[in-house]
Amino acid sequence: MDLDQLNETALGMVAPGKGILAADESTGTIKKRFDSIGLESSAEKRRDWREMLFRTEPAMSQHISGVILYDETIRQNAEDGTPLVKLITNAGSIPGIKVDTGAKPLAGAPGETITEGLDGLRDRLNEYYELGARFAKWRAVIDIGREGDDSIPSQYGINVNMHALARYAALCQEANIVPIVEPEVLMDGDHTIERCYEVTEYTLKRLYEELFAQGVVLEGTILKPNMIISGQKSADQATVEEVADMTVQCLSNCVPAAVPGIAFLSGGQSDEQATAHLNAMNAAYDLPWPLTFSYGRALQAAPLKAWGKTGDVKAGQAAFNHRARMNGLAAMGQWSKDLEGGK
């Protein structure tokens with residue numbers, strides 16, 4: 001393990017005004033996205049879509065620090081034969097790779113899941129490093145029970161997922177790949193923001209206990225958490241200021257200062273919501289780590305709609321440039337709603 005290399009990569013992933021593009025949708029997930037615009041999900045079309053994003057300037061060089069890829073994508077070449085990984089590095093961005101194989105039902109815990117993918121991970125990480133990946137991502141999924149059901153999540157469900165996250169992180173560092181640790185407390189459901197805080201706080205504390213126990217060096221990691229936010233079906237929706245305040249409070253209680261940076265997932269928020277919440281945190285608080293974004297849908301929905309089934313590259317890139325710029329400004333606390341008029 002080369003800690004200096006890991007730390008340098010991690011710091012690059014949270015460089016000022018930059019964040020991470022999550023372009024790691026599985027074949028099944030991207031098919032749903034393409035279905036929404038009436039486009040067939042073929043390997044060629046998936047390649048064309050991602051190539052369009054990776055060639056977008058100034059978004060890629062000015063606002064995107066890294067790109068999380070799917071196994072198919074890290075092996076693909078652009079239409080002119082250039083490896084897609086090369087397009088990313090040419091823009092000054094860092095290639096990464098999703099390595100988990102998804103959340104499956106957790107035995108003995110109805111309604112909860114465990115993320116799988118540890119089998120054979122050491123060999124896969126070594127191969128991904130040779131293919132150009134310098135960071136990886138693993139997502140643990142923590143749901144919150146509906147209608148006041150506080151049996152979900154269980155301590156068991158959280159514990160096994162945080163243990164697996166730490167095992168993954170240790171293997172990544174062994175391969176000189178920075179692990180993004182992503183414990184996502186879902187915003188589905190009808191829970192209050194206070195319940196989200198309670199579950200997220202417990203989850204993060206268990207995560208850092210496991211990372212310590214398994215010898216993971218925090219200076220070579222990035223945290224990708226959910227924001228503290230009301231459930232989508234909750235009758236009481238928190239304000240932007242409440243989300244920012246409670247998220248910062250939770251992170252301050254749980255995340256060691258040694259962590260190089262925090263890159264939030266958008267978790268089903270609208271494009272503008274995700275930007276506004278990130279901006280509010282950066283504008284109002286002085287924190288020990290940079291706060292930035294690691295967004296998938298919140299960066300891609302607008303360009304996907306603009307690109308459409310006609311493959312309008314110019315329109316797609318204009319929309320991606322706008323959303324990347326908005327989130328880059330939010331990562332520095334410099335965004336305002338007025339700027340959204342420049343779409």
Side-chain angles (χ1 to χ4, degrees), residues 9-10 13-14 18-34 41 43 45-54 56 59-60 63-78 83-89 91 93-104 113 115-118 121 124-125 127-129 131-141 164-165 168-169 171-172 175 177-184 186 221-226 263-269 274 292-301 303-304 320 323-324 327:
T9 300
M13 292 163 66
V14 292
K18 292 187 174 186
I20 298 164
L21 168 63
D24 60 328
E25 301 90 355
S26 67
T27 304
T29 298
I30 203 167
K31 181 183 184 301
K32 294 175 185 175
R33 304 264 174 92
F34 280 11
S41 179
K45 287 296 183 184
R46 293 191 293 270
R47 186 275 318 274
D48 290 347
W49 160 241
R50 286 161 170 157
E51 178 181 350
M52 184 272 290
L53 294 174
F54 304 160
T56 302
M60 285 295 297
H63 305 299
I64 302 298
S65 59
V67 181
I68 311 172
L69 301 170
Y70 188 58
D71 181 80
E72 175 186 68
T73 318
I74 200 171
R75 304 174 190 279
Q76 284 180 317
N77 294 331
L84 293 184
V85 169
K86 185 68 173 172
L87 296 184
I88 294 167
T89 57
S93 192
I94 305 167
I97 182 71
K98 172 187 174 178
V99 297
D100 70 70
T101 57
K104 307 296 191 301
T113 62
T115 300
E116 297 184 346
L118 289 170
L121 181 56
R124 287 192 290 129
L125 286 167
E127 181 188 13
Y128 287 139
Y129 188 93
L131 289 169
R134 292 298 177 266
F135 70 91
K137 189 202 85 167
W138 179 289
R139 173 176 176 256
V141 181
L165 259 178
Y168 139 84
L171 286 165
C172 283
I177 286 176
V178 171
I180 291 180
V181 287
E182 181 180 355
E184 179 177 3
L186 297 177
T221 66
I222 293 292
L223 175 65
K224 181 174 179 176
N226 54 283
F264 290 104
L265 56 91
S266 52
Q269 300 176 62
T292 189
F293 57 92
S294 178
Y295 294 166
R297 196 211 54 77
L299 275 172
Q300 294 186 54
L304 181 63
F320 183 47
R323 287 265 47 93
N327 286 299

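- Here the CD-CG distance, from Glu51 to Leu84, works out to 6.5 Å after rounding to the nearest 0.5 Å.
- Under the 4.5 Å side-chain criterion, counting only non-hydrogen atoms from C-beta, Phe320 is in contact with Ile64.
- The shortest side-chain heavy-atom distance between Thr115 and Arg139 does not fall under the 4.5 Å cut-off.
- Considering every non-hydrogen atom in both Pro183 and Lys224, the closest pair reads CD-O, 3.6 Å.
- In this structure Tyr295 satisfies the ring pair (Phe, Tyr, Trp, His ring centres under 6.0 Å) test together with Phe293, sequence neighbours excluded.
- Side-chain contact check for Pro179 versus Tyr168: some heavy-atom pair is nearer than 4.5 Å.
- With hydrogens and angles ignored, the 3.5 Å screen pairs a side-chain donor or acceptor of Gln300 with a backbone N or O of Ala22.
- Contact detail for Pro95 and Leu69: the closest heavy-atom pair is CB-CD1, 4.5 Å.
- Using a 4.5 Å cut-off on side-chain heavy atoms (C-beta onward), Thr73 and Phe54 make contact.
- The only member of Lys98, Arg297, Arg33 that meets side-chain hydrogen bond (donor to acceptor under 3.5 Å, both in side chains) when paired with Glu25 is Arg33.
- Atom CD1 of residue Ile20 and atom CG of residue Leu299 lie 11.0 Å apart, to the nearest 0.5 angstrom.
- The shortest non-hydrogen separation linking Ile94 to Phe135 is O-CE2, 3.2 Å.
- Residues forming a side-chain contact (heavy atoms from CB on, under 4.5 Å) with Ser41 (at least two apart in sequence, or on another chain): Ile30, Lys31, Phe34, Arg46.
- Distance alone, capped at 3.5 Å, places no donor-acceptor pair between the Ser65 side chain and the Val14 backbone.
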Q: Check step by step if side-chain hydrogen bond (donor to acceptor under 3.5 Å, both in side chains) holds for Arg134 and Thr9.
A: CA-CA 7 Å; Arg134 292 298 177 266; Thr9 300; over 6 Å; no
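- For NZ of Lys32, the number of neighbouring non-hydrogen atoms (other residues, nucleotides, ligands) closer than 6.0 Å is 12 at most.
- In this structure a side-chain-to-backbone donor-acceptor pair under 3.5 Å is present from Arg124 to Val99.
- A pairwise comparison of heavy atoms in Ile68 and Ser294 identifies CD1-OG, 3.7 Å as the closest pair.
- Note that the SG atom of Cys172 and the CG atom of Leu121 stand 6.0 Å from one another [nearest 0.5 Å].
- Here the closest heavy-atom approach between residue Ala175 and residue Leu125 is recorded as CB-CB, 4.0 Å.
- In this structure, OG1 on Thr56 lies 9.5 Å from CG on Leu21, to the nearest 0.5 angstrom.
- Between the side chain of Ser266 and the main chain of Gln269, no donor-acceptor pair closer than 3.5 Å is present.
- Judged by distance alone, with hydrogens and angles left aside, the side-chain atoms of Thr101 form a donor-acceptor pair with the main-chain N or O of Glu116 at under 3.5 Å.
- When side chains are defined from C-beta on, Asn77 does not count as touching Lys86, because their heavy atoms never get closer than 4.5 Å.
- Atom CE of Met13 sits about 4.0 Å away from atom CD1 of Ile180, to the nearest 0.5 Å.
- Contact record, Leu165 with Glu182: CD2-N, 3.8 Å, taken as the closest heavy-atom pair.
- Atom CD1 in Ile74 sits 8.5 Å away from atom CD in Glu127 (nearest 0.5 Å).
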